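To start, the structure itself, in structure tokens.
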Amino acid sequence: MTSLFALVDCNNFYASCERLFRPELEGKPVVVLSNNDGCAIARSNEAKALGVKMGDPLFQIQDIVKQHNIHVFSSNYELYGDMSFRVAETLRSFTPNVEVYSVDESFLDLGEFKFLNLPEYALNIKNRVKQNTGIPVSIGVAPTKTLAKVANRIAKKSPKANGCLVLTDSYHIDEALKRTEIGDVWGVGRQYAKFLINYGIATAYKLKHTNDSWIKKHLSVVMLRTVKELRGEPCADLELEPGKKKEICTSRSFGKPVKEFDELLEAASTHAGKCAFKLRKQKCCAKELTVFVHTNRFADTPQYFNSKKIQLPTASSSDLELIKHTKKALERIYKPGYLYKKAGVIVSDIIPGSNVQLNLLDKTDHGKEFTLMQFLDRITNKFGRDSVKVACQGIDPKKNWNLKREFISPCRTTRLNEILTIRI
DNA sequence: TCTGGGGTCCTAGGACCC
DNA sequence: TCTGGGGTCCTAGGACCC
């Protein structure tokens, strides 16, 4: 075996971030909610032990929350993003070969370190991340990414492992696979787990020994890669450069239901502006824009779901241009009389900004808009989000469409912007 | 009263062509 | 009533991930 990967996974990441600035909550149950304070999306170990499940709606766990004095937070993505960056920086002090896989997980290529004392090295990483950032992590080390995931799960759960597990010899790998339920394998979701259990394949170990052609026939080539990775055959390398997005979506549920077109437009244009910003950040333009709206599927009220895709005359990353077309699309799908719960904008057919073909029939001065957007981004950088807005995005934060965030913590690590915005 | 958001990849099936 | 075969491209939908 030549390859070696480590998966570093932050424990209960959002809950751990919130606790950093409230040390008195150490050892106490903490829950972080999704947008609009809807569901539990992160739980401290104490909250897990009390039976709070991932995705539980707040209103359904209200009793346990009160009874056990669980500390509840609205999600604060600015804080989590900043802490995520700091964790990644610490990991890069061990090796430049770090793939930031998600906000709370990174893969490290340890191929060149395999002659070191790996358990000690992993423990070293864990301790330094804790020391530098305050965030507790678990580390799994193995010859493939999928096996590193397996190792990580056990490292996190087993008290004996102390947060780190190295799986390099086949005996221990197989023992770990026997202890891993099929649904806990990376790449096996709910549907596939159900299907596989039906055929008597209930553990990772069984999956490892399933016939290739059967997998390909009944599942997919993606699953075949997973199986090969379980056998120690690497099918996925480290991705060092974050790939450019093929589509970008911004959407939110509303704090309260929205009826009127103008308010829906405020929400949709705000999402369009965010999409434009994300496009500029990766120096790209989009040729297609989709707007969608829908009512609350949980409510016992008339339901309506619709979307409209528009081809832009010229690929663009300008707030003004995307908002203009968002309005057009929204006019096509808006129906009065419904209680809308969510709106969103998706931009797709994304191309590099340098490849934009000008359209002779298009009257917009794209050069001018590009310069305007550069100024807009500079102002935003200096004075914080939402310092400048397009009028139809609205300025009243009390409007129904805005997020409900009753339990938000202050942005302690990135507060400079906030202070500047207030002063101006 | 209250139920997240943002992605990717693959496949099946339809439209169209020769 | 019978009514090709193969290729490409596109889209919708389903699966997965965090």
Side-chain angles (χ1 to χ4, degrees), chain A residues 7-10 12-14 31-42 52-63 65 72-77 80-81 84 99-107 145-146 149 152-153 182-196 215-226 229 235-236 239 242-257 267 271 274-275 278 282 288 290 292 294-301 305 307 309 311 339 341-350 400 403-407:
Chain A
L7 173 62
V8 181
D9 188 322
C10 301
N12 315 324
F13 184 53
Y14 296 172
V31 161
V32 179
L33 302 173
S34 62
N35 278 331
N36 275 322
D37 298 339
C39 308
I41 50 168
V52 179
K53 300 262 174 341
M54 181 73 174
D56 275 352
L58 176 61
F59 74 96
Q60 276 177 13
I61 53 169
Q62 217 43 281
D63 289 347
V65 167
V72 172
F73 290 92
S74 302
S75 36
N76 182 345
Y77 294 106
Y80 313 148
S84 175
E99 171 187 343
V100 178
Y101 176 71
S102 74
V103 71
D104 65 338
E105 281 175 56
S106 291
F107 284 104
K145 283 180 161 183
T146 306
K149 277 266 189 186
N152 189 286
R153 258 190 73 79
I182 192 73
D184 293 332
V185 175
W186 193 36
V188 180
R190 280 240 293 282
Q191 301 304 317
Y192 288 167
K194 223 163 85 186
F195 178 84
L196 287 164
I215 293 287
K216 224 169 140 182
K217 186 174 162 208
H218 290 94
L219 297 153
S220 70
V221 293
V222 182
M223 187 58 67
L224 189 57
R225 282 200 284 270
T226 297
E229 288 234 324
C235 298
E239 285 173 32
K244 297 221 162 150
K245 300 265 179 281
K246 291 164 186 168
E247 59 177 41
I248 292 169
C249 172
T250 309
S251 73
R252 290 284 181 282
S253 297
F254 305 138
K256 294 177 194 151
H271 300 330
K274 285 257 162 62
C275 287
K278 292 177 192 171
Q282 62 174 58
E288 277 178 351
T290 307
F292 66 86
H294 60 81
T295 50
N296 184 355
R297 68 182 198 277
F298 297 106
D300 193 19
T301 47
F305 177 101
S307 66
K309 189 185 261 187
Q311 308 291 328
L339 291 171
K341 181 61 182 170
K342 187 172 178 178
V345 173
I346 305 167
V347 290
S348 46
D349 203 346
I350 293 174
N400 287 341
L403 282 180
K404 193 165 109 187
R405 302 216 283 183
E406 262 175 58
F407 316 104

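Letters go in sequence order (proteins before strands), and every chain restarts at 1. All values reported here derive from a predicted model rather than from experimental measurement.
Closest contact between the side chain of A:Thr250 and the listed nucleotides C:dC16, C:dC18, B:dG6 involves B:dG6. Counting only heavy atoms from C-beta on, A:Ser220 has its side chain closest to B:dT11 among C:dC18, B:dT8, B:dT11. Of all nucleotides listed (B:dG4, B:dC10, B:dG6), B:dG4 comes nearest to the side chain of A:Asn35. Here the side chain of A:Gln191 is nearest to one of B:dG4, C:dA15, B:dG7, namely C:dA15. In the set C:dC17, B:dG5, B:dC10, B:dC10 carries the atom at the smallest distance from any side-chain atom of A:Arg225. Nearest nucleotide to the A:Lys278 side chain, out of B:dG7, B:dT3, C:dC18: B:dG7. Of the listed nucleotides (C:dC18, B:dG4, B:dT8), B:dT8 has the atom at the smallest distance from the side chain of A:Lys246. Ranking B:dG5, C:dC17, B:dT3 by closeness to the A:Lys342 side chain, first place goes to B:dG5. The nucleotide whose nearest atom lies closest to any side-chain atom of A:Ser253 is, among B:dG5, B:dC9, B:dT3, B:dG5. The side chain of A:Cys249 has B:dG7 as its nearest neighbour among B:dG7, B:dG4, B:dT8.
A donor-acceptor pair under 3.5 Å is absent between the side-chain atoms of A:Ser75 and the main chain of A:Tyr77, judged by distance alone.
Nucleic acid contact class of A:Lys309 (heavy atoms, under 4.0 Å, all strands): none. Looking at heavy-atom distances under 4.0 Å, A:Ile248 makes contact with sugar-phosphate atoms alone, never a base. Within the nucleic acid shown, A:Arg190 comes within 4.0 Å of sugar-phosphate atoms alone, with no base atom in reach, counting heavy atoms only. Among the atoms of the strands shown, none is found under 4.0 Å from any heavy atom of A:Gln62. When heavy atoms are screened at a 4.0 angstrom cut-off, A:Lys194 is found touching no nucleic acid atom at all. As judged by a 4.0 angstrom heavy-atom cut-off over every strand, A:Lys274 is placed among residues making no nucleic acid contact. Using a 4.0 Å heavy-atom criterion, one finds that A:Asn36 contacts no nucleic acid atom at all. A:Val188 comes within 4.0 angstrom of the backbone, heavy atoms only, and of no base. Using a 4.0 Å heavy-atom cutoff across all strands shown, A:Val185 reaches sugar-phosphate atoms only and no base atom.
Separation of atoms CD1 (A:Ile346) and OG (A:Ser307) is listed at 7.5 Å; rounding is to 0.5 Å. Put simply, CZ on A:Phe195 and CE on A:Met223 are 10.0 Å apart, with the number rounded to the nearest 0.5 Å.
In this structure B:dC18 sits in a base pair with C:dG5, meeting the Watson-Crick or G-U test at under 3.5 Å.
Note on A:Lys145 versus A:Glu99: salt bridge recorded, some NZ/NE/NH1/NH2 to OD/OE distance being below 4.0 Å.
Here B:dG5 presents its P atom at 8 Å from OH of A:Tyr77, a figure rounded to the nearest Å. Counting to the nearest Å, the C1' atom of B:dT3 and the CG atom of A:Leu33 are 11 Å from each other. Between the CG atom of A:Asn152 and the C1' atom of C:dC18 there is a distance of 13 Å, given to the nearest Å.
Remark: the separation of the C1' atoms in B:dC17 and C:dG4 is 14 Å, to the nearest Å.
Residue A:Lys145 places none of its side-chain N or O atoms closer than 4.0 Å to OP1 or OP2 of C:dC17. Of the side-chain N and O atoms in A:Ser251, one or more sit less than 4.0 angstrom from OP1 or OP2 of B:dG6. Taking 4.0 angstrom as the limit, A:Lys256 places none of its side-chain polar atoms (N or O) nearer than this to OP1 or OP2 of B:dC2.
The 5' end of DNA chain B is approached more closely, in terms of each residue's nearest nucleotide, by A:Phe298 than by the other of A:Lys245 and A:Phe298. In terms of position along DNA chain B, the nucleotide closest to A:Gly55 lies nearer the 5' end than the nucleotide closest to the other residue of the pair A:Val222 and A:Gly55.
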